[in-house]
There are 2 protein chains.
Amino acid sequence: MNNISIYTEKLRESGLRPTRQRLKICELLFSPEKTFHFTINDLTKIIEDKLSEKISLATIYNTIHAFKKKGYLKEISINSDKSYFDTNVTEHHHFFDEDTNELIDCSNDDIDSVNIKKNITGKKIKSIEVLIKVASDNQNQN
Amino acid sequence: MNNISIYTEKLRESGLRPTRQRLKICELLFSPEKTFHFTINDLTKIIEDKLSEKISLATIYNTIHAFKKKGYLKEISINSDKSYFDTNVTEHHHFFDEDTNELIDCSNDDIDSVNIKKNITGKKIKSIEVLIKVASDNQNQN
DNA sequence: CATTTACATTAAAACAATTCTAAACTGTTG
DNA sequence: CAACAGTTTAGAATTGTTTTAATGTAAATG
Ligand SMILES: [Mn+2]
Ligand SMILES: [Mn+2]
Ligand SMILES: [Zn+2]
Ligand SMILES: [Zn+2]
């Protein structure tokens with residue numbers, strides 16, 4: 001099947017024209033069968049190294065932000081060093097491996113649903129997400 | 001009671017000598033009856049404005065990091081713009097008000113305890129924390 | 001089809017948070 | 001007091017991110 005037209009649609013939905021650069025980014029993000037987590041730096045490296053392409057940082061940031069705004073990507077905050085993005089846009093929880101700095105999806109089967117009994121008055125709950133930090137047993141957790 | 005000796009002890013425990021600047025920081029962090037959340041920028045502002053003191057940024061960062069390492073402060077990741085710190089070092093959950101960018105402790109009474117059924121093999125769970133993002137009902141959530 | 005216009009890409013500059021550096025300072029110890 | 005270890009500081013450097021402004025591209029207009 002023609003993925004290009006899917007990417008084109010996603011770009012249009014995000015308010016962007018389907019350019020060569022943006023289609024390349026789409027291919028990296030949306031063609032893998034499995035969802036994954038990445039930083040802008042990861043993505044830039046892949047574009048440079050694996051694709052031997054050159055897409056300017058500004059274009060990468062613009063495109064990623066447009067997708068995030070539209071809901072085609074999710075941003076995950078693990079630490080304040082950098083932003084992580086997630087191609088799995090469903091509401092879900094994460095393990096964060098402090099040894100490897102790796103972010104791993106927590107299947108809904110692996111956790112009981114979280115029940116909030118009392119909310120802030122006048123506010124609506126937008127999301128409930130759990131972050132489980134893990135590390136090797138015999139590790140010094142700084 | 002003499003808080004100074006408590007602060008001195010905390011500093012020593014964190015591997016730092018009790019200097020005038022560091023004791024000032026201790027007072028701001030540990031004398032309030034209620035715990036609170038702050039950014040380095042918040043803290044710097046308080047020192048400058050309310051205390052009319054001048055403590056260099058480097059000293060502030062050093063001291064906060066030493067306390068964090070020792071476990072006298074906790075770092076909370078909400079977004080990647082800046083780090084939030086918490087004087088409540090117990091494991092607990094947070095509401096984050098997207099309208100005001102305010103971080104609010106979620107009392108343990110307000111949430112059922114989170115039950116993880118399956119963990120990553122060979123890893124130990126270091127913490128389980130829930131982040132509940134809230135916003136005004138009639139708000140555009142970008 | 002030529003012209004206008006809107007949108008894109010880019011390199012580089014600007015920016016903000018954080019970390020590092022190196023020199024001056026302080027307090028303790030021999 | 002002299003030597004030393006640790007501290008403070010201003011400012012420089014670094015890092016991730018955003019903005020700018022010049023140039024390019026391609027859809028829309030007539
Ligand atoms: Mn950090
Ligand atoms: Mn952000
Ligand atoms: Zn995920
Ligand atoms: Zn808290």
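Per chain, numbering begins at 1; letters A, B, ... match sequence-line order.
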remark   = Whole-Å distance, A:Asn41 CG to D:dT18 P, equals 14 Å

Distance, rounded to the nearest Å, where B:Phe85 contributes CZ and C:dA17 contributes P = 13 Å

Per-pair distances, 0.1 Å, donor-acceptor, side chain in residues 5-12 of chain A, under 3.5 Å, sequence neighbours excluded:
{"unit_1": "A:Ser5", "atom_1": "OG", "unit_2": "A:Asn2", "atom_2": "O", "d": "2.9"}
{"unit_1": "A:Thr8", "atom_1": "OG1", "unit_2": "A:Ile4", "atom_2": "O", "d": "2.8"}

query = Expressed in angstrom and rounded to an integer, what is the separation of B:Arg12 atom CZ from D:dG6 atom P?
reply = 13 Å

query = Does one hydrophobic cluster hold both A:Leu131 and B:Ile104, with members joined at side-chain heavy-atom distances below 4.5 Å?
reply = no

inquiry  = Could you check whether A:Lys118 pairs with B:Asp109 (Lys NZ or Arg NE/NH1/NH2 to Asp/Glu carboxylate O, under 4.0 Å)?
reply    = no

query = Which letter, B, S or -, goes with each nucleotide of nucleotides 9-16 of chain C from 5' to 3', with contact meaning a protein heavy atom under 4.0 Å?
reply = SBB-----

ask   = What's the closest nucleotide to the A:Tyr61 side chain, out of C:dT19, C:dA8, D:dG16?
value = D:dG16

ask   = So with a 6.0 Å cut-off around NZ of A:Lys34, is the heavy-atom count from everything else above 12?
value = no

task = Please report, rounded to the nearest Å, how far the P atom of C:dG27 is from the CG atom of B:Leu11.
result = 15 Å

task = Find the distance A:Asn79:CG to D:dG16:P and express it as a whole number of Å.
result = 11 Å

remark   = Rounded to the nearest 0.5 angstrom, the OG-NE2 distance for B:Ser14 and B:His65 is 13.0 Å

task = Answer yes or no: does a side-chain N or O of A:His65 lie under 4.0 Å from OP1 or OP2 of D:dT18?
result = yes

task = Could you check how far CD1 of B:Ile60 sits from P of D:dT7, rounded to whole Å?
result = 16 Å

ask   = Do B:Ile25 and B:Ile46 share a hydrophobic cluster (ILVMFWY, side-chain heavy atoms under 4.5 Å, transitive)?
value = yes

